[in-house]
J.: 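One structure, pasted below without further comment.
Everything numeric here is computed off the predicted structure, so don't read it as measured data. The chains referred to below are lettered A, B, ... by the order of the sequence lines, with proteins before strands, and numbering in each begins at 1.
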Amino acid sequence: MERPLTENIRPGEPPLGLREYVERGGYEGLRLALQRTPLEIQREVTESGLRGRGGAGFPTGQKWSFVPMGPDARRPKYLVVNGDEMEPGTMKDRLLLEGDPHALIESTIIASYAIEADAAYIFLRWEYSTAAERLKAALAEAYDAGYVGRAIMGSGYSLEVHLHRSAGRYMCGEESGLLNALEGKRAIPRSKPPFPQAVGLWGQPTVVQNVETICNLRHIIRHGAEWFKGLSLTGEGGTKLYGASGKVRHPGVWELPLGTPLGELLHDHAGGMLPGHRFRGLLPGGASTAFMTPDHLDVAMDFTAPQRVGTRLGTGTMIVLDDRTCPVGLMHNLLRFFARESCGYCTPCREGLPWVARTLAAIEAGDGRESDLDILDHHVRMIRAGHTFCPLAPGAMAPLESALVHFRQDFEQHIRMGACPWR
Amino acid sequence: MPRITINNQVHDIPWEGRNLLEVCLDLGYDVPYFCWHPAMHSVGACRQCAVKQFRDEHDTQGRIVMACMTPATDGTIISTDDPEAVAFRRSVAEWLMVNHPHDCPVCDEGGECHLQDMTVMAGHNYRRYRFTKRTFRNQDLGPFLNHEMNRCIQCYRCTRFYRGYAGGRDFEVLGWHDHVYFGRAADGPLESEFSGNLVEVCPTGVFTDKTLKEHYTRKWDLQTAPSICVHCGLGCNIIAGERYGVLRCIRSRYNDQVNGYFLCDRGRFGYGFVNDEERIRQPLIRNERGELEPCTIEEALWKTSSILRHGRAIGIGSPRASLEANFSLRYLVGEENFHHGMSGRSYQLVREMLAILQQGPAPAASMSAVAQGDAALLLGEDVTNVAPMLGLALRQNILRQPTREALRLPIHEYEDSAIHEAIQVGRGPLYIATPDVTRLDEETPNTYRAAPQDIARFGFAVAHAIDPAAPEVTALPAAVQETAARCAQDLLTSLHPVIVSGFTCGHPDVIHAAANVAWALRRRGKPADLCFTVPECNSLGVALLGGESLNAALQAVRDGTADTVVILENDIIRQMDVDLAEELLERAQHVIVLDHLPSPTTDYADIVLPAATFAESQGTLVNNEGRAQRFLPVFVPQGDVRDSWRWLGDIMVMNGQRGCETWCHLTGVMRLMAETVPALTGVTEITPPPDFRLVGQKIPRQPHRYSGRTAIHADRTVHEPRPPEEVDAPLAYSMEGYPGQPPASLIPRFWAPGWNSGQAVNRYQSHIGGPLKGDSGGVRLIEPPPEAAITYFDHIPDAFVPREDALLVMPDYLIFGSEPLSARSPAIAARTPRPYLGLAPKDMERLGAEEGQVVALLVTGTCYHLPVVARPALPRGVAMLPAGLGNMVALGLPQWGHIEVKREVWD
Amino acid sequence: MLSDTERQEIEREIVHYPRARAAVAEALMVVQRHRGWVSDEAVRDVAALLEMTPDEVEGIATFYSMVFRQPVGRHIIHLCDSVSCWIMGQETLLEHLQRKLGIGFGETTADRRFTLIPAGCLGACDLAPVMRVDDDLYGHLTPAKLDEILERYP
Ligand SMILES: Cc1cc2nc3c(=O)[nH]c(=O)nc-3n(C[C@H](O)[C@H](O)[C@H](O)COP(=O)(O)O)c2cc1C
Ligand code: SF4
Ligand code: FES
């Protein structure tokens, strides 16, 4: 089984330096890319079927196709790598950032070249200090070796790559909030349209791409779209970093073919539940996805199949709920996070989420009322995509909505008993 | 013409590119909203304006969209009353009320609260939230505004107005999630000249009017009338509100051509002089002991008329009094004895402006034209201080070009945040040539600091660069020449350039240079407009009336051709050099003054007649654009205070003067004036005549909820007093009258069922942002002839040469303090700086003066002791003297002044 | 006043952007790295350097979670309070810390040694429960392990 994304990553050891990286075929993808035109690269990526690994799964090639190209295009143009990774339960990008910084840099240059970007920013969350150091070191090496900077590898293409360390907020991960953060503004989202490809960083054409998405590019260029498509079990192309946390035997992150069935992830890779724990459900791709249950173990974890059972692949890193953990407490934990991280721009999110979080806290603390379930149901109905300004709040409702379906009896029991049965 | 369907009704809407919220409001659908504002457009933050949109007629599901963020394109189908949309809107109101305190009974906004209106409209009425609310600490934001952050509903309008629209930078969004806070880094007065608009921009009671709080009254208990701001020459439209004989607040009155939705802080908070304790409320006669003592109206009239009968009287009018008052004075003393009340110098400037605007081809720009323009050159004017709302208009002007670029991306015109993100720091061309820095400087790299002569030379150079037929300026420094060339290029490539100049430089050459630039642009096919600032609210009106200058008045008294002066609402000691003014007043045997407040001039009066202020009288003012607008009385003043024209009329009656039968009604005066002065023919058209009725009724000044009518005098009688009679306007001092919408010029307040806040203006506009329904918006009296020939001004002044023995003292106009009436208002006084003398560092060095050190300045015959303030940008040889502070001259400047450095230092 | 080092470090950040204000968050973090927190005075100084107003800088300083506008202890404990750590017993650790140090979230020990702050998911859920002390990440925490780790931070 091929594991292109993690092929250079040696757990517990520092990442490859430039020399080793090049020896192992590093910057080969870039060299090949520079021999082709940007539009050819875009076509290759479109054909590969690569979809965004940041949570939304938008086809990457299609995203690029909205960037104005050619000599008359507005300049400068920017590429932004989204390394904010603050989605609860998600730890996949950190693996790549810390494990193979040159791979990220190489792919960043390829993506930048494909959209004729003049500068690229790697937006890194503050807490990833190890990643920051390693990236900084790798970037310095890459500059010295002429992979970044003026006339890259003797080609006519020049690119500056900058590292930006975020001062911290979940909203910085949302791509338009991220752009505001990069401009030194408050990370509130922007309205879309216009999309970043038209009006992005400093009003200029910009593409924002997740770390994992980016890291695929050097492989797609080296091995081609067909090869990439062949990596996955279903038709969507590529491998995926899956992960699991919670009361499983082997929590971790693994690179596997896209479309690996849920049961296989849970049992073969996460090793099943810890002894004495029973599987009740899981959030398949970070905190803003809806629960999957024991009924869903044969669902192929690609971009489309989970949607058929009412959830999303999200970030592909699952949070597992067992029978000895209180689902109400878990929902309270999530909603408290989302309420805390709301940027405060739109009403449903700013006012609704804290209300939900407080209601959940009350239920969990034994102060629940019958009417509290109405309040929760009401918010689930009212806070949906399109009702809010950005996807944060609807994302927060996704696990709650499904919890109110799958674990309703637990909520009712809390209210009836006036206490949390797990405490 | 897009055709859209709302609630199964088909509507043809006049043009593309608007959003559904505007269209719904235009058509009379009640869709609640918060973050959208008609001047600042859409950002989609509050989510209150949700409606259901359907793909086509087969779509039964539909989806919720924000009306303010959705274009009204052809074929759009929406429902405002779809149950899901209704439920969501109710929910949004419920969320907004989660943290909102239940303090309506003690909240200043109650009764004019958009949040109240929208909560009712959205149908939220039962509280389900059972936890504690978040609370904030409030800030002290200075004398104008209260801050009560607990009431905030985070619609972001305040910062969007303050920063995005008005360019303020000392106010921000702080915090995050449900602790978003709108305030400053630290307590302190808001610096923006437009901060008072937060009172109206904020949909609830976070920002309320601190001056109103001093004598609080609910909107429904205010007696109001349409009025015009008297605190500068722009003529912003206002609504003035009174109760119990006290003028309590000023609100903006929408006029799409003039001030739009907004006002400056001077206009909003400068009304305190009307309530001043020192108001002259009884006629005063100087007794044998030389003191002014009260007398009856009859005595005053008898005495005055007898003086006038026997004396050789001249009249001194006033650029701050109405046309009607000035015309009455002119009629009283005869045209040849009428003086317009300006010094020779300022009259000369105003005359020049008038001539330039009359002869064309560049017409006077309305403020909306300035805002709609896309490039500007400012010659000599610090507009934000002199005519503040012009500064706000220019702030819109400079966004025009980058916005036009952004719209190509494409972005809808109403998408405010998207446009700001697209244009970032991009600004259209703005060139500012002034002696010292201005508040607009931060918006442009193109500034030029120079003395008036050099500013004029710069302007002439720009004109020449545009059209070589315009006279050339020789020996211009290369850098200035280069800026002039760039400016010419920028103006030529714009679509609608505006040239702004005015009176502060005191130099006709500056005005001529501005005219040359505008005319040169016109010759090159650019529709350039001219915008001049004028010193006072009726400067241009009085100039249209004609008359002699104050210096001529002095001459007449010196000659002995006159021995009596009648002075109308004018402190002439501020208009001309103090010693000359004093000479005039001293030499005159009889001085009769009509005014609101004691002034240095009334100190010389033998008779003082209490004149009504703008709030208590009616009349016409002509603004800097030549637009005649009417102010109507809000209330009947206490005491013997009467309109000046009425005093003057009565004097004429007593003297049996011919033609004075007209003077019992304002309409008569106005009509006679329109007949006598051809330039003023249009003034009779501004408002409907006094006998105008709607369904047989007058328009009530009091809202239908006006309370306590019979309780007011309950300590004496429970009978309701007869309301004062109104003969000069179709308005009644009563709550009885026509309940619907009156003609625009008579709108006493904006109110509509369900719309208690000022947002009710939506219901009065022909369309959002358009003219009020059936409006004249005032009457423009000055239009250039269609085929105006251009004769360039060709006198180019010599370059300014600093003198060793003297400094050119320029007036430093201040938004707070320079205008004398507003300066008496306590809130404005609190923001007025102490007097100072601004000097260039080079001059300080030369004089051996340090910052804070007191110098003696001898200028226009007066010696001032003032602390020095360094003004790093000031050109050498030029000094800045704050205009109008204390007893400081204003309109006599610039003048050469002499300085002596003292030892002392003020604290 | 900003020290020369602080100023130089901030200027090194500015070069990455077409406009100085883009470096505002970094500038605040530079100050914080040197002083532990960002004072009112620092807000004003950063504002002056970046041609911003103090109000604009405050808008940023109060938005981002890593900027401390109050004095903090010598060491910052960021205890992850997100979902995976919660499942894995984070609450026990919090109680332990509260007992041991006598402080709750947002508080600083009397000896100014530690400030305890809740962290959103630290991206190490496979090691849950986790925390960061200053720049060091620790996983698989237990009360005993916690005690031992804190000893390393005098
Ligand atoms: C609240 C919120 C937080 C997000 N956080 C992240 C993040 O930390 N990392 C990320 O790559 N994408 C994040 N996203 C998704 C981004 O908005 C964006 O879709 C993504 O970076 C695009 O990259 P991709 O197409 O390569 O996935 C977030 C979205 C939302 C709504
Ligand atoms: S849903 Fe609304 S308040 Fe929440 S983060 Fe998005 S824009 Fe901000
Ligand atoms: S008015 Fe439309 S979202 Fe606020």
J.: For A87(B), which atoms come within 4.5 Å of any heavy atom of chain A: side chain, backbone, both, or neither?
T.: both

J.: Let me confirm one number: the OG1-CD1 distance from T347(A) to I153(B), rounded to the nearest 0.5 Å.
T.: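 The CD1 atom of I153(B) is 7.0 Å from OG1 of T347(A), to the nearest 0.5 Å.
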
J.: Side chain, backbone, both or neither: which part of I411(B) has an atom under 4.5 Å from a heavy atom of chain A?
T.: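 When you check distances to chain A, only side chain atoms of I411(B) fall under 4.5 Å.
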
J.: Does the side chain of L96(B) reach to within under 4.5 Å of the side chain of R350(A), using non-hydrogen atoms?
T.: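 A side-chain contact under 4.5 Å exists here.
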
J.: What option among H379(A), Q204(A), K192(A) has the most heavy-atom pairs under 4.5 Å with chain B?
T.: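 Max contact count across the listed options: H379(A).
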
J.: So which atom in G344(A) and which in Y156(B) form the shortest heavy-atom distance, rounded to 0.1 Å?
T.: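 Minimum heavy-atom separation between G344(A) and Y156(B): O-OH, 2.8 Å.
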
J.: Between V425(B), V65(B), L174(B), which has the largest tally of heavy atom pairs under 4.5 Å with chain A?
T.: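 Among V425(B), V65(B), L174(B), the one with the most close pairs to chain A is L174(B).
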
J.: Taking all heavy atoms of H387(A) and all of M66(B), pick out the closest pair and write down the distance.
T.: O-CE, 3.9 Å

J.: Taking side chain as everything from C-beta outward and backbone as N, CA, C, O, which of these in S371(A) sits under 4.5 Å from a heavy atom of chain B? Side chain, backbone, both or neither.
T.: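 Contact with chain B involves no heavy atom of S371(A) at all.
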
J.: Closest approach of A362(A) and R130(B), non-hydrogen atoms and distance?
T.: CB-NH2, 3.6 Å

J.: Quick one, W95(B) with M382(A), criterion side-chain contact (heavy atoms from CB on, under 4.5 Å). Give me CA distance, side-chain angles, the key distance, then yes/no.
T.: CA-CA 11 Å; W95(B) 284 319; M382(A) 291 299 151; 3.6 Å; yes

J.: What do you reckon, is CD of E413(B) surrounded by more than 12 foreign heavy atoms closer than 6.0 Å?
T.: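 Atom CD in E413(B) is not crowded, with 12 or fewer foreign heavy atoms closer than 6.0 Å.
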
J.: If you measure from SG on C346(A) to CD on Q48(B), what distance do you get to the nearest 0.5 Å?
T.: 12.5 Å

J.: Please step through side-chain contact (heavy atoms from CB on, under 4.5 Å) for the pair S191(A) and M69(B), ending with a clear verdict.
T.: CA-CA 9 Å; S191(A) 56; M69(B) 297 290 278; 3.6 Å; yes

J.: Would you say CZ of R63(B) has more than 12 non-hydrogen atoms from neighbouring residues, nucleotides or ligands within 6.0 angstrom?
T.: no

J.: Could you measure the distance from the NE2 atom of H177(B) to the OH atom of Y170(A)? Nearest 0.5 Å is fine.
T.: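 OH of Y170(A) is found 15.5 Å from NE2 of H177(B).
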
J.: So do the side chains of R128(B) and H378(A) get within less than 4.5 Å of each other, counting heavy atoms only?
T.: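 Heavy-atom side-chain distance check passes, below 4.5 Å.
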
J.: Could you check whether W355(A) and Y129(B) have their ring centres less than 6.0 Å apart?
T.: yes

J.: For the residue pair R169(A) and W176(B), would you count it as a cation-pi contact if the rule is NZ or CZ under 6.0 angstrom from the ring centre and within 45 degrees of the ring axis?
T.: yes

J.: Report which part of R381(A) has an atom under 4.5 Å of a heavy atom belonging to chain B: side chain, backbone, both, or neither.
T.: neither

J.: Chain A: which of S417(B), C35(B), A422(B) shares the most heavy-atom pairs with it under 4.5 Å?
T.: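 Heavy-atom pairs under 4.5 Å are most numerous for A422(B).
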
J.: Look only at the side chain of R358(A) and the backbone of T132(B), and say whether a donor-acceptor pair between them is shorter than 3.5 Å.
T.: yes

J.: Do P354(A) and F131(B) touch side chain to side chain, with heavy atoms closer than 4.5 Å?
T.: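 Not in contact.
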
J.: So what's closer than 4.5 Å to chain B heavy atoms on A187(A): side chain, backbone, both or neither?
T.: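 Neither part, no heavy atoms under 4.5 Å.
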
J.: When you look at V173(B) and Y345(A), which way does the side-chain contact (heavy atoms from CB on, under 4.5 Å) test go after all the steps?
T.: CA-CA 10 Å; V173(B) 195; Y345(A) 192 61; over 6 Å; no

J.: Locate the shortest heavy-atom distance separating A198(A) from L409(B); write the atom from each residue and the value.
T.: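 That closest heavy-atom pairing would be CB-O, 4.4 Å.
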
J.: With no hydrogens and no angle check, is any side-chain donor or acceptor of R47(B) less than 3.5 Å from a backbone partner on G386(A)?
T.: yes

J.: Contact part of V92(B) toward chain A, heavy-atom cut-off under 4.5 Å: side chain, backbone, both or neither?
T.: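 Contact with chain A is through both the backbone and side chain of V92(B).
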
J.: For a 4.5 angstrom cut-off between non-hydrogen side-chain atoms, does E351(A) reach Q154(B)?
T.: yes

J.: L179(A), N180(A), D372(A): which one forms the most heavy-atom pairs within less than 4.5 Å of chain B?
T.: D372(A)

J.: Quick check on the interface: out of I375(A), V199(A), I383(A), who has the most heavy-atom pairs with chain B under 4.5 Å?
T.: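 Max contact count across the listed options: V199(A).
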
